[in-house]
Amino acid sequence: MFSDCVLLLLATSVFLNAEGQLVFNTWSFPKATDAAWEKLDKTDSALDAVEAGGNALEMKADPATYDSVGWGSHPDEKNQVTLDALIMDGASLNSGAVASMPKVKKAISVARMVMEHTQLSMLAGEEAVNFATEMGFSDSDLNSNYSREQYTEWKLANCQPNYWTDVSPNPSLHCGPYTPNNPLTKIEKSRPPVTIDNHDTLGIIVINSKGKIAAGLTTNGLSHKIPGRVGDAAIVGAGGYAIDGVGASVESGDGDTLMRFLPTFQAVNLMQQNYTPEAAVKQALQHVITTNPKVAVLLLAVNSSGHIGASCHGFNKGTYCIRSKDMKTKIVEVDCE
């Protein structure tokens, strides 16, 4: 049974977990927090708990819930739902990922199989599906009536928003197919904003009783993305990073911008230099925000002592969930710059 949740307003951004075990994740996803905690309490495995937290949202019954995670929502331009996921082991620094993967619901579990049963770091597309079926996963249609309705509404709105630029016909007014513009007729197009309504990746960090750390992410990515798009959630150091004895970081937001800066790697590297998690997340985002003032991002970090930090920019508000032996799951709001 999942625990009751408490919403904390204006809560402190630092939490000391004296008992060792901790679950910490992006956004108001208490179902993921509690599923991870339940697994951690039973097995004391950080990796098992990260996977369980991801599966709790990936296997949702209603595709309209947890809209940016899992099957049944956020179709791409071809009306196909695809998933990105990453898992990282802070002890070995091994990681596994899947990207633009259709047909398999448990994306973070397939990512773990990549980490544990191959010498590779990422598999993508239909070949990721083939790997998953070899590993015993069943394939299924990730679309739903809800995702098909989203696609139909998007087409009726002349394919707005979309992520094309400098093509013909004008992507701000028309659907494709598109062709590149002549350099003399270049058309500039602003990027659609990333908001909590169209993108809220689950990023989750778990620390076990021995201080072992794991991090993971799972998402279906931007709604109406160009087919084949891979977001930051599948990229180690961008979506998430973890090192035992130091800490871990995960993020959610405008992945196509954020992956150029590797903010979670930066945050963990700064903690390795004795920055507090709160200082590390702010410093890791400083250059990102300076060069991209409109970027939307929620960045979380925790060090090996259980102190946490959270920084948010570009969203109306940010939230995270946290749970330890000393407290039930809490949803905490973060002021965004």
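Reckoned from all heavy atoms, side chains included, excluding hydrogens, waters and symmetry mates. Since we're looking at a predicted model, the values are computed, not measured.
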**Q** Side chains of D67 and H74: do they bring a donor and an acceptor to under 3.5 Å?
**A**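 Yes, side-chain donor-acceptor contact under 3.5 Å.
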**Q** Please, which pairs that meet ring-ring contact (aromatic ring centres under 6.0 Å, His included) have at least one residue in residues 105-125, sequence neighbours excluded?
**A** none
**Q** Is there a side chain to side chain donor-acceptor pair (under 3.5 Å) between T257 and D254? Walk through the geometry before answering.
**A** CA-CA 6 Å; T257 297; D254 185 354; 3.2 Å; yes
**Q** Say whether D200 and S68, considering side chains only, have a donor N or O and an acceptor N or O under 3.5 Å apart.
**A** yes
**Q** Step by step, work out the side-chain contact (heavy atoms from CB on, under 4.5 Å) result for W37 and T329.
**A** CA-CA 9 Å; W37 183 263; T329 296; 5.9 Å; no
**Q** Just by distance, no angles: are the side chains of E58 and N55 close enough, under 3.5 Å, to form a donor-acceptor pair?
**A** yes
**Q** Running the 4.5 Å side-chain criterion over Ile, Leu, Val, Met, Phe, Trp and Tyr, what cluster does F261 land in, apart from itself?
**A**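 Traced through the cluster, F261 reaches L258, V281, L285, V288, I289, V295, V297, L299.
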**Q** What pairs with Y275 under ring-ring contact (aromatic ring centres under 6.0 Å, His included), at least two apart in sequence or on another chain?
**A**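 Once residues adjacent in sequence are excluded, Y275 has no partner under the ring-ring contact (aromatic ring centres under 6.0 Å, His included) criterion.
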**Q** Looking only at heavy atoms, what is the nearest atom pair of I207 and L40, with distance?
**A**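 The pair with the smallest heavy-atom distance is O-CD2, 3.7 Å.
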**Q** Nearest 0.5 Å, please: how far is CD in E51 from OG1 in T218?
**A** 11.0 Å
**Q** Assigning hydrophobic clusters by single linkage (Ile, Leu, Val, Met, Phe, Trp, Tyr; side-chain heavy-atom cutoff under 4.5 Å), is L202 placed with V81?
**A**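 Cluster IDs for L202 and V81 differ.
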**Q** My understanding is that a hydrophobic cluster links ILVMFWY residues whose side chain heavy atoms are under 4.5 Å apart, including indirect links. Using that, what else belongs to the cluster containing Y151?
**A** W154
**Q** Compare every heavy atom of G231 with every heavy atom of M259, then report the nearest pair and how far apart it is.
**A**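 Residues M259 and G231, closest heavy atoms: CE-C, 3.5 Å.
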**Q** Could you tell me whether the side chain of H307 and the main chain of A301 form a donor-acceptor pair under 3.5 Å?
**A**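 A pair under 3.5 Å: no.
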**Q** side-chain contact (heavy atoms from CB on, under 4.5 Å), that's the test. Do V98 and V114 meet it? Break it down for me.
**A** CA-CA 8 Å; V98 292; V114 173; 4.3 Å; yes
**Q** So, do Q273 and N269 sit near enough that their side-chain heavy atoms are less than 4.5 Å apart?
**A** yes
**Q** Is there a donor-acceptor pair under 3.5 Å between the side chain of D84 and the backbone N or O of S100?
**A**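 The answer is yes, because a donor-acceptor pair under 3.5 Å joins these two groups.
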**Q** Closest approach of V23 and A36, non-hydrogen atoms and distance?
**A** CG1-CB, 3.9 Å
**Q** To the nearest 0.5 Å, tell me how far E77 CD sits from N79 CG.
**A**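 Going from CD on E77 over to CG on N79, the span is 11.5 Å.
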**Q** Report yes or no: does S249 contribute a side-chain atom to a donor-acceptor pair with the main-chain N or O of L300 at less than 3.5 Å?
**A**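 It does hold such a pair.
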**Q** Going by ring-ring contact (aromatic ring centres under 6.0 Å, His included), name the pairs with one or both residues in residues 226-258, residues two or more places apart or in two chains.
**A**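 Sorted pair list: Y241-F265.
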**Q** Answer with yes or no whether the side chains of D166 and N181 bring together a donor and an acceptor at under 3.5 Å.
**A**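 Indeed, the side chains of N181 and D166 share at least one donor-acceptor pair under 3.5 Å.
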**Q** Looking at K212, I want to see if its NZ is surrounded by more than 12 non-hydrogen atoms of other residues, nucleotides or ligands under 6.0 Å.
**A**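 Not more than 12 within 6.0 Å, no.
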**Q** Tell me, do N143 and R148 make a side-chain contact under 4.5 Å, heavy atoms counted?
**A** yes
**Q** I'd like to know whether N158 forms a side-chain contact (heavy atoms from CB on, under 4.5 Å) with H174, so could you lay out the CA-CA distance, the side-chain angles of the two residues, the decisive distance to 0.1 Å, and finally the verdict.
**A** CA-CA 5 Å; N158 294 321; H174 304 285; 5.9 Å; no
**Q** For the residue pair T82 and K225, confirm or rule out a side-chain donor-acceptor distance under 3.5 Å.
**A**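 A pair is found: one side chain offers a donor N or O, the other an acceptor, under 3.5 Å apart.
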**Q** With distance as the sole criterion, is a donor-acceptor pair present between the side chains of S92 and D89 under 3.5 Å?
**A** yes
**Q** Please report the shortest heavy-atom distance between F315 and G253, naming the atom on each side.
**A** CZ-CA, 4.0 Å
**Q** Ignoring hydrogens and geometry, is there a side-chain-to-backbone donor-acceptor pair from Q160 to P171 under 3.5 Å?
**A**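 Side chain of Q160 to backbone of P171: a pair is present.
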**Q** Is there a side-chain contact between K106 and W71 in this structure, where contact means two heavy atoms from C-beta onward sitting under 4.5 Å apart?
**A**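 No, side chains not in contact.
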**Q** Supply the atom-to-atom distance M88 CE to L47 CG, rounded to the nearest 0.5 angstrom.
**A**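 One finds 11.0 Å between CE of M88 and CG of L47.
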**Q** State, to 0.1 Å, how close S304 and G245 come at their nearest heavy-atom pair, and which atoms those are.
**A** OG-O, 3.3 Å
**Q** Report yes or no: does S144 contribute a side-chain atom to a donor-acceptor pair with the main-chain N or O of G72 at less than 3.5 Å?
**A** yes
**Q** Can you get from L298 to M271 by hopping between Ile, Leu, Val, Met, Phe, Trp and Tyr side chains that sit under 4.5 Å apart?
**A** yes
**Q** Only one of N208, D326, D41, D44 passes side chain to side chain donor-acceptor pair (under 3.5 Å) with Q21; say which it is.
**A** D44
**Q** In terms of hydrophobic clusters joined by side-chain contacts under 4.5 Å, are Y320 and I213 together?
**A**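 In one cluster: yes.
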**Q** Under a 3.5 Å distance rule, please check whether T26 uses its side chain to pair with a backbone N or O of G203 as donor and acceptor.
**A** yes
**Q** Can you sort out the partners of D139 under salt bridge (charged side-chain N to carboxylate O under 4.0 Å, His left out), two or more places apart, ordered by chain and number?
**A**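 Counting only residues at least two positions away or on another chain, D139 forms no salt bridge (charged side-chain N to carboxylate O under 4.0 Å, His left out).
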**Q** Can you tell which of K42, K39, R112 makes a salt bridge (Lys or Arg N to Asp or Glu O under 4.0 Å) with D48?
**A**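 Running salt bridge (Lys or Arg N to Asp or Glu O under 4.0 Å) over K42, K39, R112 with D48 returns exactly one hit, R112.
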**Q** With a 4.5 Å cut-off on side-chain heavy-atom distances among I, L, V, M, F, W and Y, is there a chain of contacts connecting V69 to V230?
**A** no
**Q** Roughly how far apart are N303 CG and I243 CD1, rounded to 0.5 Å?
**A**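 N303 atom CG to I243 atom CD1 measures 12.5 Å (nearest 0.5 Å).
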**Q** What's the shortest heavy-atom distance between M101 and L142, and which atoms?
**A**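 Closest approach of M101 to L142, heavy atoms only: O-CD1, 4.1 Å.
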**Q** Do S252 and W27 pair up side chain to side chain, a donor and an acceptor below 3.5 Å, judged on atom types alone?
**A** yes
**Q** Find out if a path of hydrophobic residues (ILVMFWY) with successive side-chain heavy-atom gaps under 4.5 Å connects L120 to V129.
**A** yes
